[in-house]
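Written out below as C-alpha cells is the structure these notes cover.
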Amino acid sequence: MTISDTILTDRTVALRQDFPILQRMLPNGRPLIYLDNAATSQKPQSVLDAMDDYYRRYNANVHRGVHTLSEEATAAFEAARTKVAKFVNAPSARQIVFTRGATESINLVAHTWGRANLGPGDEVLITEMEHHANIVPWQILQAQLGFTLRYVPITDHGTLDLRTLPDLLTPRTRLFSFVHASNVVGTVNPVQELVAAARAVGAAVLIDGAQSAPHMPVDVQALDADFFVFSSHKMCGPTGIGVLYGKRELLEAMPPFMGGGDMIREVTMTGSKWNTVPYKFEAGTPSIAEAIGLGAAVDYLQQVGMAWIQAHERAITQYAYTRMAEVEGLHILGPAPDARGGLVAFTLEGVHPHDLSAILDRSGVAVRAGHHCAQPLHDRLGIHASARASFYLYNTLEEVDVLVQALHKAQEIFTL
Ligand code: C6P
C-alpha cells in the first residue's frame, strides 16, 4: 500500500460513518462488505434525513396547492432539480426531466423523440456493450416503425471497435445511443470521439450515464450530448427517481410521453395543450420525497468531490485488478484499469458465478452474479454469466483483501 492509498483509505474510513448500513453485521456475524454498487449504492444519513424530514414536516403534493405545505414541498422539489442541473452542468434546470430512472429516461426518448423522428430507411446505432435498457426500447420501436438497429462491435478486450465507425455511422443514422461506462466490462468510452463521429453524419446522441454520473465529474455541455440519462439509486440517492437531460430545442419539439395531470396547460373535451418543459414529460404526481432525496445525494457527492470519488475508485480498482489476477483460473473481463471505471467483472474456472457469489456471501462479501442485464455482451464474450465486484466512495483496500482471500478459498474448494 502506498502513502496515497493510505490517505485515500483514511478519508474513506471517515466517510463510512455517514452510511448507517455499513455499520451492520450480517446474520453470520461478519461485517458487511458491500461490493455491489453498480446494482445500487448505499445511502448516507443526510439522504435518509432529507426524505424523513419531508414526510414528517411538509408532506404535500407539488405544483398544485397554494397552502404552506404545498409551497414548501414544491420549493424543495424544484430546488432538487436545480441541484441536479448544476451537478451535470446543464444550462438550465428546465432541461432536467425527472423520470423513474435511466431505464424510463431511455424509454421516454424512444417513445417521443423516436416516434417523431424514425421510420423505414432510418438507422439507430447502439453498441454490443449496452445494458438491456439501451437495447430493448429500440427493438420494441424497431418492430413498430421499421427502422434498422445496428451495433458497434467490441474487441476481445471489451472496448468499442472504433475502426467500424465509418461504416456504421452514415447519413441514414438518426441516433447514436451508447453507454458512457459499461456495467460489465467497465470500459469508459471515448465520448468526445463518438459524439464528433455522430455529429459528422448529423445523428443525434444519447448517452447512458447510469454508471458514469455516480462515479466521475460529468459536464453535459462539454460532452455535447443531446440526451444524457442516469439513475438516483446508483449515486447515494433513493430508488424511484432518475434523470433525463436533453437539449432544450429537442425537448421542446418532442411530443409528451404520458398524459395526465401536471403535463398539461389546458384540457377541453376536444383536446389538450401541453405544459412547458420539463413538466410536459412529468405526468401525474411525481416521486416527491425521492426527488428531495436525490437533491440531498447530489449535495453529499459534491461535498465529497466527484474528482476525489473518481480517484479513489481508480486506486481501489487498480488494486483489485492486480490482486484478483493472482487468483488461479480467474479471468477479468474488459480492459486494463486505466481504461475502466470502478468495477471488475470476472469468471473463475470451474465455478458458476452464482455459486461463487454464494461462497463470497459467507465471508460477508456482496457481489453480483449473472448477466447483469447485458446478455448480448456476454454472448459476444462467449460466456453465460460473470461475477462482478463494483466499488464506491466508501470501499476500502482492506475490503478488497477480504474479497481476494474469499476468491482463493472458493478456488480451492472447487478444484479439490
Ligand atoms: N444496471 C447493474 O447491476 P435503472 O435500472 O433504470 O436504474 O438503470 C438501468 C441501467 C442502464 N444502463 C446501465 C449501464 C446500467 O448499468 C443500468 C443498471 C444495474 O448493472 C442493474 S441491472
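Index from 1, following the sequence. Order of listing sets the numbers, starting from 1, for every ligand and every atom in it.
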Query raised in the report: Short list, please: which atoms of ligand 1 are under 4.0 Å from a heavy atom of V179?
Result: 14 (C)
Query raised in the report: Any idea which atoms of ligand 1 are less than 4.0 Å away from a heavy-atom of T103?
Result: 4 (P), 5 (O), 6 (O), 8 (O), 9 (C)
Query raised in the report: Are the side chain of E130 and the backbone N or O of V179 linked by a donor-acceptor pair below 3.5 Å?
Result: yes
Report task. Look only at the side chain of K43 and the backbone of G237, and say whether a donor-acceptor pair between them is shorter than 3.5 Å. Result -> yes
Report summary line: Looking only at non-hydrogen atoms, the one of H132, R368, H371 nearest atom 22 (S) of ligand 1 is R368
Report summary line: Closest to atom 12 (N) of ligand 1 among protein heavy atoms sits D208 OD2, 2.6 Å
Query raised in the report: Checking side-chain contact (heavy atoms from CB on, under 4.5 Å) against L244, which of F227, F257, F98 comes through?
Result: F227
Report task. Within a distance under 4.0 Å of any heavy atom of C373, pick out the atoms of ligand 1 and give their elements. Result -> 22 (S)
Query raised in the report: Parallel, tilted or perpendicular for W308 and H312, by the 30°/60° rule?
Result: parallel
Requested in this report: Using non-hydrogen atoms of the residue, decide whether K234 is closer than 4.0 angstrom to ligand 1.
Outcome: yes
Query raised in the report: Of all the atoms in ligand 1, which lie at a distance below 4.0 Å from a heavy atom belonging to Q211?
Result: 1 (N), 14 (C), 15 (C), 16 (O), 20 (O)
Query raised in the report: Is E130 near ligand 1, meaning one of its heavy atoms is under 4.0 Å from it?
Result: no
Query raised in the report: Do any N/O atoms on R388 end up under 3.5 angstrom from N/O atoms on ligand 1?
Result: yes
Query - Trace of the side-chain hydrogen bond (donor to acceptor under 3.5 Å, both in side chains) decision for E78 with H63 - result: CA-CA 10 Å; E78 291 304 329; H63 307 141; 2.7 Å; yes
Report summary line: Note: H233, heavy atoms under 4.0 Å from ligand 1, region reported as side chain
Report summary line: protein heavy-atom neighbour closest to atom 15 (C) of ligand 1 works out as H131 CD2, 3.4 Å
Query - Those atoms of ligand 1 less than 4.0 Å from some heavy atom in S231 - result: 4 (P), 6 (O), 7 (O), 8 (O)
Requested in this report: Over 60° means perpendicular and under 30° means parallel, so classify the ring planes of F230 and F87, tilted if in between.
Outcome: tilted
Query raised in the report: Distance only, no hydrogens: is a donor on one side chain within 3.5 Å (strictly under) of an acceptor on the other, for H131 and Q211?
Result: no
Query - Side chain Y245, main chain D226, donor-acceptor under 3.5 Å - result: no
